[in-house]
2 protein chains.
Amino acid sequence: MRPPPWKVGELAKRTGVSVRALHHYDEIGLLSPSHRSGAGYRLYTEIDVARLQQIRSLRALGFSLEEARDFLKRPEVTPDRVLQLHVAHLKEQIAAQQSLADRLEQVARRWRSDENVPTEEFLQIIEVTNMIGKYYTSEQMEQLKQRGEMLGADHIRQAEAEWPELMAKVQAEMDRGTDPADERVQALARRWKELVEEFTGGDPGIAKSVGRMWQEETTIHGMDTGNMRSLMGYVQKAWAAAPKE
Amino acid sequence: MRPPPWKVGELAKRTGVSVRALHHYDEIGLLSPSHRSGAGYRLYTEIDVARLQQIRSLRALGFSLEEARDFLKRPEVTPDRVLQLHVAHLKEQIAAQQSLADRLEQVARRWRSDENVPTEEFLQIIEVTNMIGKYYTSEQMEQLKQRGEMLGADHIRQAEAEWPELMAKVQAEMDRGTDPADERVQALARRWKELVEEFTGGDPGIAKSVGRMWQEETTIHGMDTGNMRSLMGYVQKAWAAAPKE
DNA sequence: CTTGACCCTCACGTAACGTAAGGCTTTATC
DNA sequence: GATAAAGCCTTACGTTACGTGAGGGTCAAG
């Protein structure tokens, strides 16, 4: 296991990725080992390991192998960016799973008491169960990727810059106790929504999940999380209070 | 949407399970709607919805469709049992994801500071990432199911009864501050391990995850969780302190 | 020097649907 | 009450990410 060119079986044993999978990644040009021995043995280096990690993280996000390959081609995709995405996704999953677990426990309790659970409960459970692990669905990813390309890197950066600013303003209104229905707050909430939509391509499903992702992202840019949740709550109230269009 | 025989598309829309998937489930005899209209339209009742929920929960646990079908045939499998399994699995996932997320954040920070992360980190991340969502692997499930059949229902119940008893004893030693290496504790730890192995068929991978499941299960039988964790920790120390065989 | 553990390259198999084709039925619209 | 549009049916081939051998070199150990 020691000496850092590893043979395929060694890498497989250490990572839990099957030999066949590594062969497959090589075949499709997703991860080709940096070296081959004289006899044609695949030899993987640290660089290959790092790339494999990126790949597995992206797969955990729901990327297909092809999407992962394309994504890793893009120059702005740095290793820590991938890690951040993975972390954001995990936190999202955790939140969703936590609430589902609570719900399931309730239903189980109810079932044990009177064996009579309304079908509506089951319908909702099915829906939520499906959503978990599917948060970034393939079409959603499609849109995300397209948007990412269409907006261009600098556009994205601009949005990134606007977020903290916008959040600071919202925070100010919140501290001041302004009613979420107030026009000033409404304007901020609208802008918030626009920013989200700009990034998501207007898909409401993706908006929900990516909303939280942005929350993470901007957290990383130097803000605190507990607070953020209350901010989100405030904005949501504002949306709820909005005159319908 | 109201009237409870639903057509396939209605059910699909409400649950997020695709029409094709429902057709598929019908084809393979996993979920055949209770009724058909004169024109041959599939009509799903509340009972069908409840079954669909079971199926999706089992799928979330990593069951294949065939395994789910067989599992649901068994008479001791009640709806709330499936819910409990699902809950246990979710909590397990949450714990694993939480620790992975922490790890990823650490690594990301380290990367941003010196851009130099030891390969060992990546190897471990890959391994853990793989394990999540794979906790119950198909072969593991195989073993679980086989064991479930081989042990028989009453054997299981006996084990169920022994758990609280055993845990009470462990708790007593722990409260007393007995060293985990002490022979009394060692005996209890061995029995603990035996019980786990009896249920898991001796597979160490499954033992780890099912250990937590039992934790949940027995919790449900009326014990408190926070405490349980420290119990587990204590037993693990005992295992670590065991003279190697 | 042989034997077991690995490695290679084909190459076909599989699970759980996706997707499209061709053709009825039900619902909505005028 | 006709005429779409929308939804349902079956049949059937396509897809992704590998699993699972088959047939045959390679290499460290005894």
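Each chain gets a letter, A, B and so on, in the order its sequence line appears, and its residues count up from 1.
The side chain of B:Y25 contributes no N or O atom lying less than 4.0 Å from OP1 or OP2 of C:dA16. Listed pair A:S37 / D:dT26 fails the phosphate criterion, with no side-chain N or O lying under 4.0 Å from OP1 or OP2.
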Step-by-step salt bridge (charged side-chain N to carboxylate O under 4.0 Å, His left out) determination, A:E105 to B:K91: CA-CA 11 Å; A:E105 275 183 326; B:K91 296 203 171 176; 3.2 Å; yes

Step by step, would you call A:E121 with A:R110 a salt bridge (charged side-chain N to carboxylate O under 4.0 Å, His left out)? CA-CA 11 Å; A:E121 283 291 342; A:R110 172 152 187 183; 5.6 Å; no

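Closest-nucleotide positions on DNA chain C for B:A39 and B:L65 were compared, and the one nearer the 5' end corresponds to B:L65. Heavy-atom nearest nucleotides on DNA chain D were determined for A:G38 and for A:I28, and the one closer to the 5' end corresponds to A:I28.
Rounded to whole Å, the distance from CG on B:L22 to C1' on D:dC8 is 13 Å. Here D:dA12 presents its C1' atom at 14 Å from NE2 of B:H24, a figure rounded to the nearest Å. Atom NE2 in A:H23 sits about 6 Å away from atom P in C:dT9, given to the nearest Å. The distance from atom NZ of A:K13 to atom C1' of C:dC6 is 10 Å, rounded to the nearest whole Å. In this entry the distance linking CZ of A:R20 with P of D:dA17 reads 13 Å, nearest Å. Nucleotide C:dC8 holds its C1' atom 11 Å from the CG atom of A:D26, rounded to whole Å. Protein atom NZ of A:K7 is 9 Å distant from nucleotide atom C1' of D:dT26, rounded to whole Å. B:R36 has its CZ atom 5 Å from the P atom of D:dT10, to the nearest Å.
Between B:K73 and B:D70 there is a salt bridge, since at least one side-chain N of the basic residue sits less than 4.0 Å from a carboxylate O of the acidic one.
Remark: the backbone N or O of A:I94 is not paired with any side-chain donor or acceptor of A:Q97 at under 3.5 angstrom.
For B:V8, the listed nucleotide lying nearest its side chain is D:dC8; candidates were C:dA16, D:dC8, C:dC17. Residue B:R42 has its side chain nearest to D:dC9 when only C:dT25, D:dC9, D:dA17 are considered. The listed nucleotides are C:dT25, D:dC18, C:dC6; the one nearest the side chain of B:Y41 is C:dT25.
For the 3.5 Å distance criterion, the side chains of A:S99 and A:D102 fail to qualify, holding no donor opposite an acceptor.
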